There are 4 protein chains.
Amino acid sequence: MDGNKSKESKRELITEAAIQVFSRKGYHHSKMEEIAVEAGIGKGTIYEYFPSKLQLLRDIMEQSYRLYDHTLHLTLAESTLEDKLEALIRGHLQFCQDNKDLTRILFLDTDVIDEELRQWAWQKKVQKEQYLQEMFAEAIRRGEIKPMDDRLLTIVIGGILMSFWGPIVMENWQVDPGVAAHQVNNMIMRGIKRDPMLD
Amino acid sequence: MDGNKSKESKRELITEAAIQVFSRKGYHHSKMEEIAVEAGIGKGTIYEYFPSKLQLLRDIMEQSYRLYDHTLHLTLAESTLEDKLEALIRGHLQFCQDNKDLTRILFLDTDVIDEELRQWAWQKKVQKEQYLQEMFAEAIRRGEIKPMDDRLLTIVIGGILMSFWGPIVMENWQVDPGVAAHQVNNMIMRGIKRDPMLD
Amino acid sequence: MDGNKSKESKRELITEAAIQVFSRKGYHHSKMEEIAVEAGIGKGTIYEYFPSKLQLLRDIMEQSYRLYDHTLHLTLAESTLEDKLEALIRGHLQFCQDNKDLTRILFLDTDVIDEELRQWAWQKKVQKEQYLQEMFAEAIRRGEIKPMDDRLLTIVIGGILMSFWGPIVMENWQVDPGVAAHQVNNMIMRGIKRDPMLD
Amino acid sequence: MDGNKSKESKRELITEAAIQVFSRKGYHHSKMEEIAVEAGIGKGTIYEYFPSKLQLLRDIMEQSYRLYDHTLHLTLAESTLEDKLEALIRGHLQFCQDNKDLTRILFLDTDVIDEELRQWAWQKKVQKEQYLQEMFAEAIRRGEIKPMDDRLLTIVIGGILMSFWGPIVMENWQVDPGVAAHQVNNMIMRGIKRDPMLD
DNA sequence: TATGAATGAGCATTCATTCAT
DNA sequence: GATGAATGAATGCTCATTCAT
């Protein structure tokens, strides 16, 4: 029954260990030795599966983004921007809660490592923003939301999404994704100002 | 008179050089040698003013936060939350534009260095959030904004502020702080959804 | 019937592969992995036949010397030194041409490996020189060649023999062993200086 | 008085130490640590003067060849080939005796290291041979020596020169360069065969 | 018997920090 | 004070060898 430790699962074992360590210490303070110990294997074994420490990080990053990309696709099932946005926020919160270590690496270490990785991460960010911006532009055209600078709106929404990982990952903020997403979506859609009409 | 290079100005010279280099390469890829060259002094001289590379970063961080704290105080001059928020956003945008290198270091390298610095930076963030949260709580009590989760609102607003440094610092996004702040503030206060009443 | 790969032939298979690789890359740059691939077998299998990389080299060296020793025995069939020498040179040239890879290993890697192997190779060289030196001493006694320092003559002749492997192995120098041996032998026996008697 | 340990002499110090160690152990078995200890300095200091272990070897090789090239120039002062050859052999013997460690590195490690160094060393060898071959061709034309294959003669003479370093360096063979050179030159010029005319 | 995944001793190299001048 | 040559602890990576299957 131990046979499920196939070649693929050994790779995953290393990846898991690396995620733990990278998340705990950050890339530069993580030693290959420590990752090996965490995985319960020898140092050299890592190099049977990954050619270098940097490539190990890259693989983790790419795997993470593939996982995360799923979040964006949640918007496709909805028709109105309001529903799309809520689905997006909910999915994002869920991802952060389900993959704390990954989130930490993804949003923390990204920009500090090497130029190629930096480029890659930036491109990912741009792609995501283009997707969102088009979504907003279309909603403006459709008249669902007010006429406004779609670029600025993209930046703002992107920032809001980013804002959650800190509390969730660093402070272990417990939150129901559905509830929080609804509240946040309400803020965005209807604003926070008290409606004087209600008085 | 070479003596105008007083003790204090030599310290600043090093700090400036370090900001350049840290910003350009990130902390871990910055060499003390390079900082010295950038400052036009000898490598050993840095150690006359700063006990270590890490402490040099800490000093820069602290100095930056002192500078940035000023932004928060801009809210004090305003009475309504709407005005406070706009002043805050405007001040933040201004700071990012005026101190790109500092911003990069502040929001990029912060969490990856050492545990103590990580704690310190987190504490700064918490302090800022407490200030904002109280501001929001008071506005809710006062009835200026709708009843809502002030913690969640704080996170959202914090995220929006953070969202700007990327475009400004990395993409050299040119924006008029006054105009952008007003637009963003409008989004937050009145929401983005088109008012059906207007139809 | 795959069984024609007997124990002995598998050993030879490995030896052949090792000769190829050692010759191509030199001992230190040759990887056991590469030798295994060259032999078309698994890495571990080599260790069924040779206890270590170094021992594999030693075996090749010893085998080579056994093969080469034959060259020296060619002198036995001749009576005069002149004929012995020509046979020796011819045999040496033939050996270099027929066993380029072996020659390369034999004369290139010998001394750089480990102390024991160095000793062994040196001893082989000394044995060969003793054989030659005795041959010369006897020829001097017999009056076939002039009275001279037989030690010095041995060194000179040894050097001449060594001089051929470079051009043959490294530059792929094509030469007829019989013709070249005759020419070289003539140089040695009669000198290169033009005989003034002939004028 | 310690001030003569200038930047240049520290470089030499390292070079000397490296020559010792490389000569004793061969390149691949020499550790940077050991070279540092031999030089009485810290390991890191070597890297202040040489960018890598390989470059350290290269520098030594080049320096050696510059020193050795001098030997070839000794032939220029002589007019007849006989005198040129004797000067060459004498210079060669002298060089081997005076620079045993260097000789060992030069004639032992050359071909086993890296491709670029291999090329470089081969080119040096070719240059030397071209010089000799032209010298011989000219002597043939002039009628000082018999008509013969000048390429073959070059190989033979090159081999004879090479033959000396083994006994001198490995067996500490004590020889008077002048005397030995004269004897060897006689062998080459007049041959070893007893002149039947003398009977 | 054959295999190749796993191992870890071993080594070149980096760079923050020191200290003699 | 200012300097930069010297240092060595720290670490990523290699590859001969082992051993479970």
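Labels below follow one simple rule: chain letters A, B, ... track the order of the sequence lines, proteins then strands, and each chain is numbered from 1. Worth saying up front: this structure is predicted, and the values here are computed from it rather than measured. Side chains included, hydrogens not; waters and symmetry mates left out as well; all remaining heavy atoms used.
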(message) Between C1' on E:dT7 and CD1 on A:I14, what's the gap in Å once rounded to a whole number?
(response) 13 Å
(message) In whole Å, I'd like the distance from the CZ atom of D:R11 to the P atom of F:dA6.
(response) 13 Å
(request) Determine, for D:E48 against D:K10, whether the closest basic-nitrogen to carboxylate-oxygen distance falls under 4.0 angstrom. (result) no
(request) Indicate for each nucleotide in nucleotides 9-15 of chain F, in 5' to 3' sequence, whether protein heavy atoms under 4.0 Å reach the base (B), only the sugar-phosphate (S), or nothing (-). (result) BBSSBBS
(request) Both distances under 3.5 Å, Watson-Crick or G-U wobble: report the partner of E:dT21, or none. (result) F:dA2
(request) Sorted by first residue and then second, give each side-chain hydrogen bond (donor to acceptor under 3.5 Å, both in side chains) pair with at least one member in residues 31-43 of chain A; sequence neighbours left out. (result) A:R24-A:E38, A:K25-A:E34
(message) Do A:W122 and A:K125 have side chains that approach each other closer than 4.5 Å (heavy atoms only, starting at C-beta)?
(response) yes
(message) Between C:Q20 and C:E16, do the side chains contain a donor N or O and an acceptor N or O under 3.5 Å apart?
(response) no
(message) We want to know whether D:E115 and D:Q119 form a side-chain donor-acceptor pair, criterion being a heavy-atom distance below 3.5 angstrom.
(response) yes
(request) Could you tell me the separation between the CZ atom of A:F50 and the C1' atom of E:dA6, rounded to a whole number of Å? (result) 15 Å
(message) Would you say B:D59 and B:Q63 are linked by a side-chain donor-acceptor pair, where the criterion is simply a distance under 3.5 Å?
(response) no
(message) Distance check needed: E:dG4 P versus C:I41 CD1, whole Å only.
(response) 10 Å
